[in-house]
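What follows is one structure encoded as structure tokens, with my remarks underneath.
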Amino acid sequence: MSTESPKNFAGGWGALKSSMKFLKREGFVKGNKALLKMNQQTGFDCPGCAWPDPKKPSKIAEYCENGVKALTYESTHKRASIATFMKHSVTEMNTWDDFKLEDQGRLTEPFVYNPETDKYDAISWDAAFKLIADELKALDNPDEAVFYTSGRTTNEAAFMYQLMIRMYGTNNFPDCSNLCHESSGVGMAETVGIGKGTVQIDDFEEAEAIFVIGQNPGTNHPRMLAELQTAARNGCKIVSFNPLKEAGLLNFLHPQDFGKMLSNTKTKISSHYYQPRIGGDLAAMRGMIKYILEQEEAKGGILDKEFIEKHTSEFPEFEAKVKSENWDFLVKQSGLTKEQIVEAAEIYIKSKATIICWAMGLTQHKHGVANIQEVISLLLLKGNIGRPGAGACPVRGHSNVQGDRTVGITENPTEEFLSNLDKAFNMKSPRKHGYSAVHAIKAMAAGEAKVFFAMGGNFAAATPDTELTFKGLRKCNLTVHVSTHLNRSHVVHGKKALILPCLGRSELDMQNGVRQKVTVEDSMSMVHASSGSNLPASKALLSETAIACGIGKALFPKDLEWDKYVANYDLIRDKMEQVMPAFKGYNEKIKQPGGFHLRNSAAVREWNTSTKKARFISNEVPDLPIDNGRIRLMTVRSHDQYNTTIYDYNDRYRGIKGERMIIFMNKNDISSLGLKEGDKLKLTSHAEDGKKRTAEGFKVVPYDIPEGCSSAYFPETNVLVGIDEMAKKSHTPMSKFIEITVDKM
Ligand SMILES: Nc1nc2c(c(=O)[nH]1)N[C@H]1C(S)=C(S)[C@@H](COP(=O)(O)OP(=O)(O)OC[C@H]3O[C@@H](n4cnc5c(=O)[nH]c(N)nc54)[C@H](O)[C@@H]3O)O[C@H]1N2
Ligand SMILES: Nc1nc2c(c(=O)[nH]1)N[C@H]1C(S)=C(S)[C@@H](COP(=O)(O)OP(=O)(O)OC[C@H]3O[C@@H](n4cnc5c(=O)[nH]c(N)nc54)[C@H](O)[C@@H]3O)O[C@H]1N2
Ligand SMILES: [Mo]
């Protein structure tokens with residue numbers, strides 16, 4: 001391992017150099033051609049993040065270093081073929097790290113686990129579909145099967161998948177969203193009546209202040225830096241709340257801006273940077289609101305009283321709650337000074353249009369939902385929802401995680417959706433709500449769920465409480481994964497196990513001789529078409545849509561003309577429009593460059609809440625233990641990973657090379673614990689269930705992080721997250737708040 005000083009800017013020549021490295025490593029020519037089509041209005045959607053494409057057609061393709069990694073990963077020349085599986089037993093492969101598993105390359109054909117040889121053998125698609133149908137039919141109750149989705153699945157595939165499963169009879173749809181932005185969805189649905197962001201991309205040009213809370217766009221949404229750069233140049237105040245100084249939030253040098261690259265001109269991104277304690281944001285925001293209300297009382301003219309009167313409910317209760325709050329408590333809990341809180345509040349007061357962006361730093365806490373509701377309260381005070389340059393912006397993760405939810409991937413479907421589905425397909429969907437991700441793990445571990453099916457993702461590695469998750473998966477009668485690459489979930493498997501390889505987003509999807517389009521929805525509710533152009537990694541791959549329909553056909557050959565839908569995705573979209581009125585004219589609308597915007601009720605100040613108004617909800621600011629001899633650990637992404645996919649072992653912006661087993665700590669904590677840089681630690685977490693969970697071998701790296709706080713990478717740290725450590729109401733694992741003690745090894 002080597003460490004160097006963390007960078008104070010993102011992008012620049014380092015980003016280009018890294019892009020070139022990945023292009024070379026995975027097969028330069030093919031990747032390069034495909035890049036020209038990425039995020040172009042006639043090409044395919046980047047399988048990286050859910051940040052929207054630019055509105056105006058651009059001459060050059062919109063991509064970033066991490067988009068290049070996502071694409072080269074998909075178009076690698078390496079293959080996990082039958083030869084790979086003949087060479088290595090599953091037990092052996094389970095000793096490999098996550099990098100080595102995925103680095104075998106693209107899966108080439110369906111594989112079935114052979115318990116006699118402990119190896120995966122090839123199996124035909126028809127035999128695989130039959131095996132799944134037989135196992136599903138053998139269950140006593142459809143609720144004994146669980147169907148996970150990861151957010152890369154396109155609208156068409158997700159829709160046919162949920163249809164097949166609801167025909168089968170369950171709403172057990174745990175989703176990567178459960179591990180991710182669920183707190184945003186739940187928090188916003190209660191307060192503004194819709195669980196989606198209210199801003200559109202153009203709003204970033206009109207905002208006077210943009211708050212970025214608990215998000216690391218330099219690594220996870222690099223294309224967002226272009227919007228922040230434009231805003232900063234327009235004089236917009238950019239205020240970051242993050243325990244770490246993240247390079248991308250400090251300065252940016254756009255790698256596609258040749259002029260600036262040549263003159264090495266960086267743009268300062270954050271005008272103000274605050275480093276709260278991990279979990280301290282709710283206290284900080286409550287402090288800001290307290291100051292705003294104090295100023296309103298002293299001077300007046302700050303609140304948008306007309307908006308509050310006309311559009312909101314429960315303001316008096318909220319005001320009373322905030323006033324009763326003790327400043328010392330809020331300051332101590334936030335980890336900031338009162339001056340910093342006041343300074344941030346002053347920026348908010350002066351700004352005529354404010355956007356608040358956030359990601360996992362707010363959602364993956366016990367008080368994740370309360371965090372989001374405080375963001376909303378802050379916005380409501382000045383009527384900052386439903387007008388230009390203002391609004392709530394939960395920055396989504398997976399490129400179609402929002403779309404999957406829209407088209408029915410949810411364990412809590414609405415009655416409206418189900419009854420429309422029933423009408424469109426002449427069926428009776430189950431009404432009982434299903435398992436979320438955490439509940440699915442518990443059910444499998446308890447033997448109550450017996451078949452686990454995953455449309456994408458890497459459930460074994462992405463979820464909390466690794467030991468319990470592994471136990472649950474191994475107990476299943478059957479585990480099935482639709483995947484592009486080999487991963488942990490294939491080698492920690494049920495008694496029977498299948499790996500079903502699928503096409504990636506960048507690949508040509510030909511059905512019946514016709515090139516198909518699929519659609520996705522970005523973070524700002526734009527739905528647009530995507531059509532891959534690369535030759536598929538193997539002739540035996542099927543599209544996710546064809547796989548969902550293949551299982552549907554094996555289960556219910558007579559109930560639907562499954563082949564008809566596989567042959568022409570337009571017909572799927574016609575059906576979708578019957579179920580979801582917002583998609584009216586779907587096939588026509590996606591012909592428009594850039595696609596179409598799904599109506600967002602909150603953005604037009606229509607509040608579908610229990611009070612029919614936007615709600616101020618008075619949550620308690622949690623009294624989180626400080627100085628209790630424990631350290632708060634947040635688990636984050638390095639620059640060289642995509643969730644559980646490890647592209648490489650570097651974290652360039654944070655100065656880490658060739659290593660992932662590290663823990664960033666404050667230098668005062670390091671010395672008070674008698675440690676020094678490079679010491680190897682055993683981490684022990686202290687969950688409320690009383691169980692001690694440990695992870696070993698993390699090297700100490702001193703870092704600019706508040707005292708009592710630390711940071712390490714996931715998935716290596718998921719063993720430390722107790723299964724019951726989850727956000728209230730949203731049940732999102734508390735991946736950003738693990739209380740640990742450390743021992744020198
Ligand atoms: N290249 C790449 N892109 C990705 C992904 C990837 O893995 N790689 N993953 C995708 C997915 S699924 C998602 S959900 C998004 C995730 O995007 P992010 O949420 O940006 O991802 P994390 O690495 O979890 O980073 C969380 C950030 O919050 C900060 N943070 C942690 N705890 C707190 C806290 O208590 N308060 C505050 N204020 N900040 C805190 C951390 O320091 C870090 O900067 O990215 C998506 N895009
Ligand atoms: N401790 C901790 N844990 C976390 C988080 C955290 O911050 N901390 N973040 C959480 C978050 S935000 C999320 S979203 C989850 C992510 O959880 P998942 O979505 O389950 O995991 P990924 O790592 O994104 O999935 C990677 C796998 O997806 C497959 N794949 C790639 N492309 C495709 C495709 O086009 N189709 C199909 N079918 N498969 C494909 C590949 O085989 C690859 O191995 O992890 C969560 N886990
Ligand atoms: Mo995510």
Side-chain angles (χ1 to χ4, degrees), residues 1-2 4 7 10-39 43-44 46-49 61-81 83-84 87-88 93 96-108 152 218-220 222-223 255-256 261 399 458 461 483-488 490 501 503-507 532-538 541 637-661 713 715-716:
M1 172 183 80
S2 74
E4 46 188 53
K7 301 272 179 299
W13 293 102
L16 278 192
K17 223 170 98 186
S18 167
S19 303
M20 292 312 285
K21 182 180 111 180
F22 281 91
L23 281 167
K24 245 188 186 149
R25 189 176 88 180
E26 310 294 351
F28 183 84
V29 180
K30 196 172 171 192
N32 207 24
K33 256 201 318 217
L35 269 181
L36 300 174
K37 305 211 171 102
M38 190 143 91
N39 295 330
F44 64 93
C46 176
C49 74
E62 259 265 321
Y63 61 86
C64 64
E65 177 195 346
N66 281 342
V68 170
K69 290 179 200 162
L71 178 63
T72 53
Y73 161 78
E74 201 164 284
S75 53
T76 177
H77 60 275
K78 296 174 195 155
R79 296 289 177 267
S81 65
T84 317
K87 241 188 271 161
H88 308 284
M93 290 193 288
W96 297 352
D97 71 2
D98 295 310
F99 173 80
K100 187 164 175 188
L101 285 170
E102 301 236 6
D103 197 44
Q104 302 307 305
R106 290 290 299 275
L107 294 156
T108 53
R152 269 192 187 156
T219 286
N220 298 314
R223 290 183 302 116
Q256 284 175 291
M261 286 287 280
S399 51
N458 184 1
S483 312
T484 54
H485 295 66
L486 184 67
N487 68 39
R488 188 69 52 202
H490 306 136
L503 291 173
R505 188 84 58 79
S506 58
E507 290 171 330
S533 48
N534 278 347
L535 280 182
S538 147
L541 303 185
R637 293 151 172 83
S638 82
H639 194 60
D640 276 350
Q641 79 183 79
Y642 193 94
N643 300 335
T644 67
T645 297
I646 313 303
Y647 298 129
D648 211 336
Y649 295 92
N650 306 321
D651 194 4
R652 196 172 75 246
Y653 294 151
R654 298 192 187 113
I656 302 295
K657 268 195 192 149
E659 181 65 276
R660 289 182 52 81
M661 293 297 282
Y713 305 126
E716 292 85 343

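Computed from a predicted structure; not experimentally measured. The figures here come from the full heavy-atom set of this structure, side chains too, leaving out hydrogens, waters and symmetry mates.
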Test side-chain contact (heavy atoms from CB on, under 4.5 Å) applied to N650 and H639, step by step: CA-CA 7 Å; N650 306 321; H639 194 60; over 6 Å; no

Derivation and outcome, side-chain hydrogen bond (donor to acceptor under 3.5 Å, both in side chains), residues D651 and S638: CA-CA 5 Å; D651 194 4; S638 82; 4.9 Å; no

So do [Y] and [X] actually touch side chain to side chain, heavy atoms under 4.5 Å?
{"X": "R106", "Y": "T484", "answer": "yes"}
{"X": "Y649", "Y": "E659", "answer": "no"}
{"X": "D98", "Y": "R488", "answer": "yes"}

Restricting to non-hydrogen atoms, name the atom on [X] and the atom on [Y] that form the minimum distance, rounded to 0.1 Å.
{"X": "M261", "Y": "P255", "result": "SD-CA, 3.7 Å"}
{"X": "L101", "Y": "N487", "result": "CD1-C, 3.9 Å"}
{"X": "I656", "Y": "Y713", "result": "CG1-OH, 3.8 Å"}
{"X": "G218", "Y": "A10", "result": "CA-CB, 4.4 Å"}
{"X": "S483", "Y": "L107", "result": "CB-CD1, 3.7 Å"}

Option among R652, K17, K21 that satisfies the side chain to side chain donor-acceptor pair (under 3.5 Å) test with E65: R652

With R637, the side chain to side chain donor-acceptor pair (under 3.5 Å) member among N643, T219, N66: N643

Side-chain donor or acceptor of R152 paired with backbone N/O of G504 under 3.5 Å: no

Side-chain donor or acceptor of S18 paired with backbone N/O of G14 under 3.5 Å: no

Please report the interatomic distance [atom1]([X]) to [atom2]([Y]), rounded to the nearest 0.5 Å.
{"X": "C46", "Y": "R223", "atom1": "SG", "atom2": "CZ", "value": "6.0 Å"}
{"X": "S19", "Y": "K69", "atom1": "OG", "atom2": "NZ", "value": "7.5 Å"}
{"X": "D640", "Y": "Y653", "atom1": "CG", "atom2": "OH", "value": "10.0 Å"}
{"X": "N534", "Y": "S75", "atom1": "CG", "atom2": "OG", "value": "5.5 Å"}

side-chain hydrogen bond (donor to acceptor under 3.5 Å, both in side chains) evaluation trace for Q641 with R660: CA-CA 10 Å; Q641 79 183 79; R660 289 182 52 81; 2.9 Å; yes

Derivation of the side-chain contact (heavy atoms from CB on, under 4.5 Å) call for E4 and K657: CA-CA 8 Å; E4 46 188 53; K657 268 195 192 149; 3.3 Å; yes

side-chain contact (heavy atoms from CB on, under 4.5 Å) evaluation trace for T84 with R79: CA-CA 8 Å; T84 317; R79 296 289 177 267; over 6 Å; no

Looking at [X] and [Y], does any basic side-chain N land under 4.0 Å from a carboxylate oxygen?
{"X": "E102", "Y": "K78", "value": "no"}
{"X": "R25", "Y": "D648", "value": "yes"}
{"X": "K100", "Y": "D97", "value": "no"}
{"X": "R505", "Y": "E74", "value": "no"}

Pairing residues for Y73 by the ring pair (Phe, Tyr, Trp, His ring centres under 6.0 Å) criterion, not counting sequence neighbours: H485, Y647

Any residue meeting ring pair (Phe, Tyr, Trp, His ring centres under 6.0 Å) with W96, in chain and number order, not counting sequence neighbours: H88

Verdict with reasoning, T76 to F22, per side-chain contact (heavy atoms from CB on, under 4.5 Å): CA-CA 10 Å; T76 177; F22 281 91; over 6 Å; no

